[in-house]
Number of protein chains: 2
Amino acid sequence: MRHARLPAPEEIVLEDVFHALSDPFRLQVVRRLAMEGEASCQALEGDRPKSSVSHHFRVLRAAGLIRTRNEGATHMNALRRDEIEERFPGLLSCVLSKRPE
Amino acid sequence: MRHARLPAPEEIVLEDVFHALSDPFRLQVVRRLAMEGEASCQALEGDRPKSSVSHHFRVLRAAGLIRTRNEGATHMNALRRDEIEERFPGLLSCVLSKRPE
DNA sequence: GCCAAAGTTCGAAAAATATCGAACTATCGA
DNA sequence: TCGATAGTTCGATATTTTTCGAACTTTGGC
């Protein structure tokens with residue numbers, strides 16, 4: 001079982017990144033990965049069926065936002081901080097910064 | 001004929017902004033408005049039927065990205081630069097910056 | 001008042017996404 | 001080897017978006 005190929009930084013498409021981040025669950029996942037460094041899928045699932053969680057992680061992966069490393073049976077996900085920063089400087093800091101509600 | 005109410009800066013939702021910008025046509029409109037300052041809908045339409053153009057402008061407006069001013073029969077659109085910058089510092093500069101392809 | 005221009009709104013149809021259960025794969029431990 | 005655990009994949013359905021023509025509104029000019 002192989003993941004979709006990790007897009008190289010220069011292959012990351014801004015529209016795809018925006019689409020990935022337009023979903024509240026996915027945005028939340030990105031924020032938590034930023035806080036926690038690495039996390040398994042289930043650690044971030046919010047009571048959803050796993051097929052749904054898996055779908056959202058796939059979208060994040062395909063957009064180039066996260067990287068997934070298989071550690072035994074669990075998959076550890078991490079934000080591709082440096083690569084995203086390289087490709088779209090300032091985007092992540094804007095996504096991750098706390099804002100007044 | 002009245003437009004949907006202009007969301008106040010603090011009402012602008014990041015997910016909605018991302019969704020609005022995830023469409024190539026809308027992203028292009030935002031970039032051109034940034035360059036040209038103000039433009040009518042038809043000046044930015046790319047050979048689409050006007051109902052389609054109108055739809056995309058509505059999405060941009062509802063997300064809080066643009067402001068529309070009626071000047072006679074034509075509607076002049078402008079990017080809400082300062083308000084977006086206030087709400088999500090750095091976002092616009094990241095969207096507007098040229099990147100190597 | 002009439003007409004054209006610029007958009008909006010409506011409605012229906014097409015396309016893209018999301019959701020979720022079920023079956024499947026891979027890995028670890030007993 | 002047998003489970004159990006962690007995810008993925010598949011397929012079907014539901015929801016959301018997009019698209020576009022037709023009808024409508026508003027404004028300006030004649």
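Fair warning: this is a prediction, and the values are worked out from it, not measured in the lab. What you see below is based on every heavy atom in this structure, not just the backbone, and it leaves out hydrogens, waters and symmetry mates. Protein chains get the first letters and strands the later ones, always in sequence-line order, with residue 1 at the start of each.
Put simply, CZ on A/Arg58 is 13 Å from P on C/dT17, counting in whole angstrom units. For the pair B/Glu71 CD and C/dA6 P, the computed distance is 13 Å after rounding to whole Å. What separates CZ of A/Phe25 from P of C/dT17 is a distance of 18 Å, to the nearest Å. In this structure, the CG atom of B/Leu60 is 10 Å from the P atom of D/dT18, given to the nearest Å. Regarding A/Asn70, its CG atom lies at a distance of 9 Å from the C1' atom of D/dG7, rounded to whole Å. In this structure, CZ of B/Phe57 is placed 17 Å from C1' of C/dT9, rounded to the nearest angstrom. Put simply, CG on B/Asn77 is 8 Å from P on C/dG7, counting in whole angstrom units. Following rounding to the nearest Å, A/His19 (NE2) and D/dT17 (P) show an atom-to-atom distance of 10 Å.
Between A/Asn77 and A/Ser40, the shortest heavy-atom contact is ND2-C, 3.8 Å.
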With the criterion being N/O to N/O and under 3.5 Å, what pairs connect the protein with nucleotides 19-23 of chain D, and how long is each?
from	atom 1	to	atom 2	distance (Å)
D/dT19	OP2	B/His56	NE2	2.6
D/dG21	N7	B/Ser51	OG	3.0
D/dG21	O6	B/Ser51	OG	3.1

Distances under 3.5 Å only, N/O to N/O: pair up the protein atoms with those of nucleotides 2-5 of chain D.
none

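In summary, of the residues considered (A/Ile84, A/Leu33, A/Val29), a side chain to side chain contact (heavy atoms under 4.5 Å, CB included) with A/Ile66 occurs for A/Leu33 alone.
Between B/Arg26 and the phosphate of D/dT17, there is no side-chain N or O to OP1/OP2 separation shorter than 4.0 Å.
Without hydrogens or angle criteria, A/Arg31 side chain to A/Val95 main chain gives a donor-acceptor distance under 3.5 Å.
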Passes side chain to side chain contact (heavy atoms under 4.5 Å, CB included), B/Leu65 versus B/Arg26? Steps please.
CA-CA 10 Å; B/Leu65 282 164; B/Arg26 292 191 296 253; over 6 Å; no

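Judged as a side-chain hydrogen bond (donor to acceptor under 3.5 Å, both in side chains), not a single pair has a partner in residues 44-55 of chain A (not counting sequence neighbours).
In this pair, A/Phe57 and A/Phe25 present their aromatic rings perpendicular. The plane angle is above 60°, beyond the 30 to 60° band.
By the rule that hydrophobic residues join a cluster once side-chain heavy atoms approach within less than 4.5 Å of another member, A/Val53 and A/Leu27 end up as members of one cluster. In terms of hydrophobic clustering, with Ile, Leu, Val, Met, Phe, Trp and Tyr side chains grouped at heavy-atom distances under 4.5 Å, A/Leu96 and A/Phe88 are assigned to a common cluster.
Contacts of A/Thr74 with the nucleic acid, taken as non-hydrogen atoms under 4.0 Å apart, involve only primed sugar atoms and P, OP1 or OP2.
In this structure, the side chains of A/Leu6 and A/Arg80 come closer than 4.5 Å at one or more pairs of heavy atoms.
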